[in-house]
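A quick write-up on the structure given underneath.
Because the structure is a prediction, the values reported are computed rather than measured. Labels below follow one simple rule: chain letters A, B, ... track the order of the sequence lines, proteins then strands, and each chain is numbered from 1.
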Amino acid sequence: MVGSRSSSAAWLKYVVLAVTLFLFIVPFILLLLNSFKANQDITANPLSLPGRLDLANYTNAFDKMNYIAAFTNSLIVTVASVLIIALCAAMTAHYFVRNNTKFNQYTFLLMVASMIIPFQAIMIPLVKVYGSLGMLNSKLSLIYMYLGFGSSLAVFIYHGFVKSVPAELEEAALIDGCTRRQTFFRIVFPVLAPTTATISILNVLWVWNDFLLPSLILTGPAQRTLPLSTYNFYGTYSVDYGPLMAGLVLTILPVIVVYLFAQKYIIRGVMQGSIK
Amino acid sequence: MKRRSRTSILIVSLLVIMVLSACGNAANNGQEAGGSSSGGDGVKVTLLNSKGEIQQPLEEAAKAFSASNPDITVEVSLVPAGQSPFERASTLYASGNPATITMLDTGDVEKFKDRVLDLSGEKWMADTVPNATEHTTFDGKNYAFPLAIEGYGFIYNKKVLDEAVGGDFDPSTIRTRDDLENLFKQIEATGKKALVISPMDWSLGAHYLPLAYATQSKDLAEVDQFIASLRAGEVDLANNAPFNGLMDTFDLMMAHNIDSASPLAGTYERGPELLGKGEVGIWFMGNWAWPQISSFDTADGQYGFLPVPISNNPEDFGNSEISSAVSKRLVIDKEFSSPEQQAAAKKFLEWLVYDEQGQDYLVNKANIIPAFSNITIPAADPLGKSIQEHIAAGKTQQSMSTLPADHWAQLGSSMQKYLAKAGDRAGLITEIENYWKNVK
Amino acid sequence: MIKEKGWNRLLTRLLFTGPTLFAFVTVMIVPFLYGIYLTFTNWDGISTTQSYVGFQNYGEVFRDAVFWKSFGLTLQYVFFSVVLINAVAFALAYVLTKGLKGQSIFRAGFFLPNLVGGIVLGFIWQFIFSNVLVYFGQQAGIPIFSASWLADPDKAFWSLVIVTVWQYAGYMMVIYVAGLMGVPNDILEAASIDGANGWTKLRRMVLPLMVPSFIVCIFLSLQRTFMVYDVNLALTKGGPFKSTEMVSMHVYGKAFLSRDYGVGQAEALVLFVLVAAITLIQVYFSKKLEVEA
C-alpha cells in the first residue's frame, strides 16, 4: 500500500498531519515544559522555556504524592477493573447478540440508556447505600463499582462488533461438540481481540485518571490512587502549578507506555484475524 | 491455539493476583478501622481540611501534636478542588464516614448543627476575639471552633505608592473616594497602572458586593435587618447611599483598571504578578494572596491594606474600616465518632490555641490570623500584620460571612456583566433585588 | 443456533450475563432509583430529617427558566461539537489506517489530549485563549484574536466547542481505527482493480461498513457533550456572566451550591429523560441504517 502514491502528495499529507498533530499536542508540550519551572515562572509566562532541567518539582511531587504507594493502588485498581470489565462485558454482549430475545433487547437498551445518567445524580445515593453496607474504603468495592459503571459502555461497543463475527463459525464449533463456554473462549473472544484492546485502552484511561469515584469510595490516605494524591497541590484560591504538572506527567506516563504497547497488540490482533 | 491458552492463563493468573492483593488490603483496613474506633492502643482522629494552602502546615501540626500525645494520631485530608466543603462534608456524612473534625465555611455550620458537638463548654470559648462565635451559635450553643480571621480590601504595593506620592506613603491619607481617585492619578503619572480588578465571580460576588451590605450600619443587628428587608423586597437599592457609593467607587476602579480593554479576561494568577512586580499599585483581594504575591515581590515585603471608600465623607462607616471576619470553622462530629475520638479532637483544638507549638504552626507556618486573644504572636506576613493592626485600632467592619451559599456565584456573574459594561447599574440593581426576593 | 436445555441454559445465562448485570443493577440502578425517591422529599443533602413533598421539586424544575435556557445552549453546543468531533476523528482515522510510516506515533499523539484532564487542561487552554492568542493577534494585527475569547459570550462558547473537539477527536479516532481495520483489504483492492477511485471506495465500501463505529462514536460524543462538566468548569466556569453555563453545571450548582438538593436531583432526572430520548432515537435510527446497509 505504501509507495503507491506520488511522493509530493505523500509529503503534503505528512505536513498536514504534522501540523494537526502539533495543534493537538501543544497543551501537552506546555504541560511538560512547565513541569520543570517554578510556580511564579509558570503564571508569569507559561510559554517560556525552563531555565534549566530542574527536577525539584518532580522530587517534590514524588514525595508529596507518596508516588510508589499511590502508583501501586492505581495499578491494582486499573488492571483488575479493566480485565474484569472486558471479560464480563464481552460475554454479556455475546450472549445478547446470539440470544436476541425481547428481554435481552430491553436489558441492552436499559444499559445503553443508563450511560446518560449524570454521575452527580447517583453520587449521594451511591455512597448512602454502600456506606450503610460498610463497603467503603476498599479497593475491592471500587473495582466492583467500576464493573457496574463501565460495563454499559463496554457491552455497547462489543455488541456492535460481536455482530461482525460470523455466526456460522460458532455454529460449526457447537456442532463439533464444543459447549457455549468453550465456543466463546476459543472462538469468539480471540476474534474480538482488537475490540478488547480498544475497550481496554479506553477503560485504562478512564479508571487510571478517574477522580470522583475513588474520592468517594477510598477515604483513607493509604488507599489513595494517583489522581487523588495529585490533589495535594490545590489551594482554595490558587494552585501550586509546578509540582502539580510534574505530578500529572508522572501520572500519565505509564498510560502512554501502555498505549504504545497496546497499539502493537491491536495491529497484531487484526493480522491474526485476517489470517483466519 | 498456543497463544490463546497462554493469554488466558495470563489473564486468569493476573485476576487471581489482583483479587487476592485487593482482599489482603481490605482485610488490613478492617483491622485498622477496628483498632481506631475501639481506641485500645491509640485513637485516630481525622480532619477534613477545606483550606488547601494550609494542608502542608496542618499535616506537620498533626505530626507535632502526635509527638506530644503519642496515643493520638491526626490524619488530615483535603477537600478536592472543584468540590465545595459543604458538598464534600455532606457526601461523607451520607456515606456514614465523616471526618472527626470538619472544616466548614461559616454559613454552613447551621446545616450541620444536628450532627456535630456543642462546643460551648470548651476552655477556648473564654479567649475568642469579639464576633468569633456569634454566627455559629444557635439556641445559645456554639457548635464551631473559629479557625482563621481573613480580611480583604485594596492591597497596595508600598514601593509603587511611595514613588507615586513622592515620599513615604501614609495609608491613613486615603479616606474618601476623591482621595482614592487622586492616588490612582498619581500612580498613573509615574507611568504605571493604578490597579487591577480580578474578575472572578467569587471576588466580585463574595467580597466586593457584600461591602454594600456591611457598610449599611456599624450595628450588626441593623445589617441583619437590612438583609431581611432585601429578602422581603423592601429595599430600594437605586436610592441606597452605601450601595450607590460602593458602585461609584467601582466605576472609578473600572476607569483605572489595567485590563479595562478586556475586563473579564484576567485570571487570579495575574493579580499577584502585576502587584508583586509593581506594574500596578493596587489590587482588590485578601490576605490569603500573600504566598502568591511574595513569589513576585519587588517591594521588599512592604504591602498593606486600604479600605474601599464608599463616599466623599471621611467620617462615613466603611471609609476607614477594612472588611474582616472569621472565615473557617472546625466542627466535631458526634454521630459516627467514638467518645475517645471526640475527646482527642477537642484536645487537638485546645493544643492549637494554648500550646506554644500549636500556636507556632497556626501563625507562623499556616500564616493564619488566629481568632483568639491569648495568642500574641504577631502575624507572619505583611498582609496579616496589616489586618491585625486594623483590628487593634478598631478599624474593621465584619465581612458578610453568612450570605446564602449561591450568592457569590449568582451575583458575582451580575457584577461581571457590569464590569464588562454588558449591563448598566439599573440592570444590576434589578438582578440583585430579584435574587434576594427569590432566594431560599 | 443450537438450543441448550434446562439447567444448562440457565447456567450459561448466569455465567454470561450474571456478573455484569448484577454489578450494573446494584451499582447504577439501585442508587438511581433511590435518587428518584429523594426527589420527592425535601432532603437538602445533610439534614437528619426529611419529609415527603410530592411533585413540588418537579414543579420547580419547570419554573426554573435558567435550567431551560442552559439546556437550549447545551443543545447548540452538542450539535456543533458532535459534528466536528466525528468529522475530525473519522478523517484522522481514515488517513492513519493507510499504512503511513509512523502512523502509530501519530495516533498516540492525537490521543494525548485524553490524558490531560480537569483543572490543568483548563489552565493551559485558558492561557492559550487569553494570553497566547491575544499576543499573537495584537502582534500580527488580526482583530479576531486581539481580545480574549473567554471574555466574550459568543467566542467563549466557541472556545468550549474547540476544546471539546480537541479533547474527544482522538478518543473517537481510536474507535474509528478499530472499525476501519475490520474493513477487509481484499474488497478495497478488488475495487481498485475495477477502477474505483478513493472517493468512490470511501463512499460505497468503507462508509457502509463503518456504520457500527459511527453509531458508537456518535452516541458517545452525544453522551459526553450533553454531560459536559469538567471542561466547562475548568475553561469558562460558565462565564462570562453565566453565558456559557451548560446544563450539567447548572444542575450541579443547584444541588450543591444553592443547597437545593431535591430540585437539583429532579433536574438531573429531567435532563436524563430528555437526553435519553434524544440518544435513543439516534441509536434506533442508525441501527435501522445498519440493517439496511
Whatever's closer than 4.5 Å to a heavy atom in chain A on C:Leu222 counts as neither

Whether A:Phe108 and A:Phe156 hold their rings parallel, tilted or perpendicular, with breakpoints at 30° and 60°: parallel

If one checks every heavy atom of C:Thr39 against chain A at 4.5 Å, the contacting part turns out to be neither

Turns out that what part of C:Met227 lies under 4.5 Å from chain A's heavy atoms comes down to side chain

Heaviest contributor of heavy-atom pairs below 4.5 Å to chain A, chosen from C:Ile175, C:Thr26, C:Leu271, C:Val30, is C:Thr26

So, the part of A:Thr251 with a heavy atom under 4.5 Å from chain C: the answer is neither

Heavy-atom closest pair (A:Ala93 atom, A:His159 atom, distance to 0.1 Å) is CB-N, 3.8 Å

Okay, C:Val95 and chain A: the region with an atom under 4.5 Å from a heavy atom over there is side chain

If one checks every heavy atom of A:Phe96 against chain C at 4.5 Å, the contacting part turns out to be side chain

Ranking A:Val249, A:Val127, A:Leu110, A:Ile199 by heavy-atom pairs under 4.5 Å to chain C gives rank one to A:Leu110

Honestly, the part of C:Leu96 sitting under 4.5 Å from a heavy atom of chain A is side chain

So CG of A:Asn203 and CG of A:Leu153: to nearest 0.5 Å the spacing works out to 6.5 Å

So, the part of C:Phe22 with a heavy atom under 4.5 Å from chain A: the answer is both

Residues C:Val247 and C:Thr74: closest non-hydrogen pair is N-OG1, 3.0 Å

So, the part of C:Phe110 with a heavy atom under 4.5 Å from chain A: the answer is both

- [ ] Report the relative orientation of the aromatic rings in A:Tyr14 and C:Phe106; use parallel for angles under 30°, tilted for 30 to 60°, perpendicular for over 60°.
- [x] tilted

Output for pair (C:Leu92 CG, A:Leu17 CG), nearest 0.5 Å, gives 7.0 Å

Rounding to 0.5 Å, atoms OH (A:Tyr146) and CD1 (A:Ile84) come to a distance of 13.0 Å

Would you call the rings of C:Tyr34 and C:Tyr37 parallel, tilted or perpendicular, taking 30° and 60° as the class edges? parallel

Answer key: most heavy-atom pairs under 4.5 Å with chain A among C:Pro19, C:Pro31, C:Gly109, C:Gly18 is C:Pro31

ask   = Counting only N and O atoms by type, is there a donor-acceptor contact under 3.5 Å from the side chain of C:Gln265 to the main-chain atoms of C:Leu38?
value = no

When the 4.5 angstrom heavy-atom criterion is applied to C:Leu220 and chain A, the contacting part is side chain

